[in-house]
Number of protein chains: 2
Amino acid sequence: MPTRSAAQRRQLEREAFDAYLAECPSRKLLDRISDKWVTLVICALADGPRRFSELARHLAGVSQKMLTQTLRTLERDGLVTRTVTASVPVRVDYALSELGESLLTPIHHMKEWAEAHMAEVARAQQGYDEQSATA
Amino acid sequence: MPTRSAAQRRQLEREAFDAYLAECPSRKLLDRISDKWVTLVICALADGPRRFSELARHLAGVSQKMLTQTLRTLERDGLVTRTVTASVPVRVDYALSELGESLLTPIHHMKEWAEAHMAEVARAQQGYDEQSATA
DNA sequence: CCGAATCCTATGAGATACTG
DNA sequence: CAGTATCTCATAGGATTCGG
């Protein structure tokens, strides 16, 4: 049954490739920062520590669930630190770790490219769409 | 009915924030390159044009659908060019545009950060997980 | 060989309500 | 105030099949 084995082979290839990707450091990093909120949180923490509720207010669009989730993974990755002050209403501050701060550099590069070239991308899109429209 | 209006206000805030994000060039770029396959395709094209099937073979894990989809958006964004040679079995070549090549720079920065620091991230994760385990 | 269309499932993410 | 748990729904993405 060649059909079956072909499908199986594909499956194996896919798994091998996925495993390869799972090992690739660049890919891991991309997976992290491509999380919808990760870069926003990091940038929000760029100029100093913030409390949970401050972050929530600052990133008006984030749901409380996603904010928590994002902060957890960032903490786990060692990119942000979490300090709990056991006062009466608990107070929790988040801050960038050194590692987290070092991430600001590549993020900054991205930002520069974006600001320099995204207009061109927008033009390209427009051109492309007009092409399609005439079809 | 304060419940309703509070929910409505949140909704409005979210929409405003989303609109703001939709305008932000950095965010747009992030949305692009965070696409699971975008960076892989760009890197695969870094050292020269390739045919569709070459790409498919090179990126063993990608489904044909996602490859097509990715290439379409990249073409629309003006990052890759698509040239069709109308031979008997059609031949289609993809290549990086100038704009696409300029993207290699920030991607390269990301790669460097990843290779320099992801080990540290991995260590942080391990530490974090061991902490949780003792709880 | 290249790609479009259809179908189906797993995941992501918001709303809500509850705990310490 | 900070965080967790549950429900629900939209969508991303893979398999498959058909067309040029």
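As a basis for the values below, the full set of heavy atoms in this structure was taken, side chains included, without hydrogen atoms, waters or symmetry mates. Just so we're clear, the structure is a prediction, and the values are computed from it rather than from any experiment.
- Remark: C1' of D:dG3 and CG of A:L74 are 16 Å apart, rounded to the nearest angstrom.
- The interatomic distance linking A:Q69 (CD) with C:dG14 (C1') rounds to 11 Å, in whole Å.
- A straight line from CD of A:E54 to P of D:dA2 spans 9 Å, rounded to a whole angstrom.
- With no hydrogens or angles considered, a side-chain donor-acceptor pair links A:W113 and B:S102 at under 3.5 Å.
- Close to D:dC1, at under 4.0 Å from its OP1 or OP2, lies no side-chain N or O of A:R51.
- Separating the OG atom in A:S97 from the CZ atom in A:R82 is a distance of 15.0 Å, to the nearest 0.5 Å.
- In terms of position along DNA chain C, the nucleotide closest to A:K65 lies nearer the 5' end than the nucleotide closest to the other residue of the pair A:V90 and A:K65.
- Put simply, the side chain of B:L99 reaches to within 4.5 Å of the side chain of A:V121, judged on heavy atoms.
- Within the 4.0 angstrom heavy-atom criterion, base atoms lie near B:Q64.
- Considering only side-chain N and O atoms, A:Y94 lies nowhere under 4.0 angstrom from the phosphate OP1 or OP2 of D:dC1.
- Between B:K36 atom NZ and C:dT11 atom C1' there is a gap of 11 Å when expressed in whole angstrom units.
- Among the nucleotides D:dG14, D:dG3, C:dG14, the one closest to the side chain of A:R82 is D:dG3.
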Next item on the list: Would you sort out whether B:D31 and A:K36 count as a salt bridge (charged side-chain N to carboxylate O under 4.0 Å, His left out), showing the intermediate values?
Entry: CA-CA 8 Å; B:D31 285 346; A:K36 195 174 177 186; over 6 Å; no
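- Rounding to whole angstrom units, CH2 of residue A:W37 and C1' of C:dA13 are separated by 10 Å.
- Rounding to whole angstrom units, CD of residue A:E75 and P of D:dA2 are separated by 15 Å.
- Among C:dC2, C:dA4, C:dC1, the nucleotide with an atom closest to any side-chain atom of B:T68 is C:dA4.
- The phosphate of C:dC2 has OP1 or OP2 within less than 4.0 Å of a side-chain N or O from B:S53.
- Atom CG of A:L67 and atom P of C:dG14 are 11 Å apart (whole Å).
- Following rounding to the nearest Å, B:F52 (CZ) and C:dA4 (P) show an atom-to-atom distance of 9 Å.
- In this structure, of C:dG3, C:dG14, D:dA2, it is C:dG14 that holds the atom nearest to the side chain of A:M66.
- Taking NE2 of A:H109 as the start and CE of B:M110 as the end, the distance is 11.0 Å to the nearest 0.5 Å.
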